[in-house]
There are 2 protein chains.
Amino acid sequence: MLPDREADTVTKPAERISRRQVDKFEERRKQLADAALQTLSELGYARTSLREIAQNSDFSHGVLHYYFRDKVELITYCVRQYKAHCVLRYDGIVADAEDPDALALDFADGLAATLQEEALLHRLWYDLRSQSLFEESFRADVADIDESLERMIWRIVSRYAELSGNAPTCSSAMAYATFDGLFQQALLRHLAGSAIALDDLRAGARHLLSHVVCA
Amino acid sequence: MLPDREADTVTKPAERISRRQVDKFEERRKQLADAALQTLSELGYARTSLREIAQNSDFSHGVLHYYFRDKVELITYCVRQYKAHCVLRYDGIVADAEDPDALALDFADGLAATLQEEALLHRLWYDLRSQSLFEESFRADVADIDESLERMIWRIVSRYAELSGNAPTCSSAMAYATFDGLFQQALLRHLAGSAIALDDLRAGARHLLSHVVCA
DNA sequence: GAAGATCTTTGACGACTGTCAAGATTTTCT
DNA sequence: AGAAAATCTTGACAGTCGTCAAAGATCTTC
């Protein structure tokens, strides 16, 4: 029988057990979601099957339905986990530089670094974002990630403006749209084998940053 | 038996016939590709099957293998047909305005118009572009479309710079990346039901255009 | 160490996929 | 009109998919 997954606030002995079970349950979900994310980032959404995911894990395909109701719930869970990863990653970039040029440099390097190191994950992100336009189940979570990315970009932009004593010339949405376009195009070229894609991204990001504040 | 599809340069009677057959053959391919594009734009790449495509046409599913070797060739053909459509569409926008503000206005309106009228096709485009990162078969054709879109944008930008007596401040690649990001974000919001997405796109395009030339 | 809860594997199901071949139908040419 | 070529339909194939139930394995608890 499935264990009771209710979270308890009181801590009686029986509930400590339940808590431990819940933790273990949740751990397995994360572990399986990791395998799913790896599979997705390799094959793309269209070609990822549950059996393929299971083969990238230590378990057989049947176990996926023990930890997830169906495929949609698994992938939704993956998207959320990916988001947590993203936020963590970008919080690192959040520029504690004290002059605008250093900030721009750090930011540009940070973008280029994640593009290079996690190219497959970013490829997956754009795949899933496209997918969310067809499959409504993912839409809310994807929009959520998009918003947190927008906030991340806006933190950089407004901090940069502040350091250079100016005000941003465009909205948060527009700043995100343009930086995202830059990043996506760089990813496309990088994955197509272009050697200059990373440098172009660095240069482009600094250029764009200097143009979204008053001249 | 399959007819001979060789194109002839000389025009003997027998070859005129063959030519007519070739034309008919090519016409059917276009017709089927149309049905395929409609299906793709409705369901997305991941959920489009040959039988589904056939149901959106006047034929049965078997006929697809009479006109196309396999699914990949059909979809590649679709991508090319979509490109032809795009180029045609954007050539219309190509701004014969004589002052920069009118050009900017026409361009912004053109972007917003195609976003609204052909939202599903644009959705498909971003889906296929993501797909091309996983499926190498499409990569070349997708890159081809991307390049022609970049040229289209660059024609606008450089013409705008010329009319306003300035020079562009960024590369062609960067101009395309940012405008594409803007467009994609507008599409996301528009399809998610945002009423202001179109107006934001118009404003954003004009804003961006005025910032990619010397101040 | 036995009983029971929990976790995992296995194998099956119906539905769906791309592909193809055989035959029916239509068009074309003489 | 009749033969030949071209076109289209039908039905089947082997494979894969998500899902699920039953049984086996492992762990917990007393």
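Lettering of chains follows the sequences in order, A, B, ..., and the numbering in each one begins at 1.
Of the candidate nucleotides dA6(D), dG18(D), dT8(C), dA6(D) has the atom nearest to the side chain of Tyr66(B). When distances run from any side-chain atom of Tyr67(B) to the nucleotides dT8(C), dC8(D), dG18(D), the shortest one goes to dC8(D). With dT10(D), dG18(D), dC8(D) as the candidates, the nucleotide lying closest to the side chain of His61(B) is dT10(D). Considering only side-chain atoms of Phe25(B), the nucleotide from dT19(C), dC8(D), dT7(D) that sits closest is dT7(D). Checked against dT19(C), dG18(D), dC8(D), the side chain of Val63(B) finds its nearest nucleotide in dC8(D).
Under a 4.0 Å N-O distance rule, the pair Arg29(A)/Glu26(A) qualifies as a salt bridge. With respect to Asp146(A) and Arg129(A), a salt bridge is recorded, a charged nitrogen being found less than 4.0 Å from a carboxylate O.
At the phosphate of dC16(C), neither OP1 nor OP2 sits under 4.0 Å from any side-chain N or O atom of Arg47(B). For the OP1/OP2 pair of dT17(C) and a distance below 4.0 Å, the side-chain nitrogens and oxygens of Ser49(B) include at least one atom meeting the criterion.
Taking for each of Phe59(A) and Arg51(A) the nucleotide of DNA chain C with the nearest heavy atom, the 5'-most of the two is the partner of Phe59(A). Each of Gly62(B) and Glu52(A) lies near DNA chain D, and the nucleotide nearest Gly62(B) is the one positioned closer to the 5' end.
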Walk me through whether Glu150(B) and Arg189(A) qualify under salt bridge (charged side-chain N to carboxylate O under 4.0 Å, His left out). CA-CA 13 Å; Glu150(B) 180 178 328; Arg189(A) 288 164 201 257; 3.0 Å; yes

